[in-house]
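Below: the structure, in structure tokens.
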Amino acid sequence: MKKDLLKMNDLSKEEILDILNLADQLKYEKKHNIIHHHLKGKSLGMIFEKSSTRTRVSFETGMFQLGGNALFLSSSDLQIGRGEPICDTAKVLSRYLDGIMIRTFKQKEIQTLAENSSIPIINGLTDDEHPCQVLADLMTIREYKNSFDGLKVCYIGDGNNMANSLIVGCLKVGMHFSIASPKDYTIKDEYLTLANEIADKAKVNFTLTTSPKEAIKDADIVITDVWASMGQESEAQKRIKDFNGYCITPQLMKGAKEDSIVLHCLPAHREEEISTEVFEKHQSSIFDEAENRLHAQKAVLVKLLK
């Protein structure tokens, strides 16, 4: 039976750790020029209804390094853009490809694609979820902290797709999680309910607040994201006002632990969600996180397509 990665909650704790262990191995092999053609002869279709730098380059390069090939498919190149039902596209592409990665807007679209495909579907980003990015974040956290047990992750910013997937992933592997967002930009109720359920099961703490100072207290990892995501550009100026006080500054970082690290999925808007000073101080972890998109996604590809 095929397995998809549509949302972070599709993965158990054991599956997350399994992917991260493989990602570590693949990263080691890449650094030491050890060929790992696990997907020789396999083809990945990459559907983009939202543009991307890191997602396209990391998936395309990853498939090449795994011995397979990737096909870039923009919505303008597909009949989806001309009105073909996504269920028909799914059935046709299933006969040509070994897997599909899609970066789109609505979570429902990727769900429909998966329901009508006989090949694995990978979520490269939707308005609700960004599981591949979170796997890279978890990989980076473990590289810097060696373990997840007892760590506290603090996320400050919009209750967006990154926040949704981060909450699920971090709680599942046994980390405490706090999130600070303005009251009109907090996570949806369904993710709040899910977060509390996972936290109870994992015996970790989950905190939702509007206070960045409260959220960041004693944090081991501090994470943020842009305030206006793709498709929200018209709201950018309003959001800058509404998120006043939510910038990760040196003053705010004093509340975190002295050896804390900062992560950002990029692109970063310096002096909006993160100050230039904090970004430059923590650029090593931020760019390691960006690199780890490649290794974490390669591990996902091997697990789903091999």
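The residues of the chain are indexed from 1 along the displayed sequence.
Taking 4.0 Å as the cut-off between side-chain N and carboxylate O, Lys50 and Asp127 count as a salt-bridged pair. Using a 4.0 Å cut-off between charged side-chain N and carboxylate O, Asp10 and Lys7 make a salt bridge.
The aromatic rings of His38 and His36 sit parallel to each other, their planes meeting at less than 30°, with 60° as the upper class boundary.
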Run the numbers on Asp220 and Lys257 for salt bridge (charged side-chain N to carboxylate O under 4.0 Å, His left out), then give the verdict. CA-CA 6 Å; Asp220 298 282; Lys257 289 184 180 176; 3.2 Å; yes
Working note: Glu291 + Lys31, criterion salt bridge (charged side-chain N to carboxylate O under 4.0 Å, His left out); need CA distance, chi angles, decisive distance, verdict. CA-CA 12 Å; Glu291 178 190 337; Lys31 298 294 184 186; 2.8 Å; yes
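Residues Glu273 and Thr224 have side chains that never bring a donor and an acceptor to within less than 3.5 angstrom of each other. Tyr144 and Asp288 share a side-chain donor-acceptor pair at under 3.5 Å. A donor and an acceptor atom, one from each side chain of Asn9 and Glu129, are nowhere located under 3.5 Å apart. In the model, Ser118 has no side-chain atom that pairs as donor or acceptor with a side-chain atom of Arg95 under 3.5 Å.
Nearest approach of Ile16 to Leu138, heavy atoms of both residues: CG2-CD1, 3.9 Å.
Note that Arg270 lies in the cation-pi zone of Phe279, set by a 6.0 Å cut-off to the ring centre and a 45° limit from the axis.
Put simply, CD on Gln107 and CG on Asp128 are 5.0 Å apart, with the number rounded to the nearest 0.5 Å.
The number of heavy atoms from other shown groups lying within 6.0 Å of CD1 (Ile34) is above 12.
Put simply, Leu6 and Leu125 are part of two different groups of oily side chains (I, L, V, M, F, W, Y) that touch within less than 4.5 Å, one to the next.
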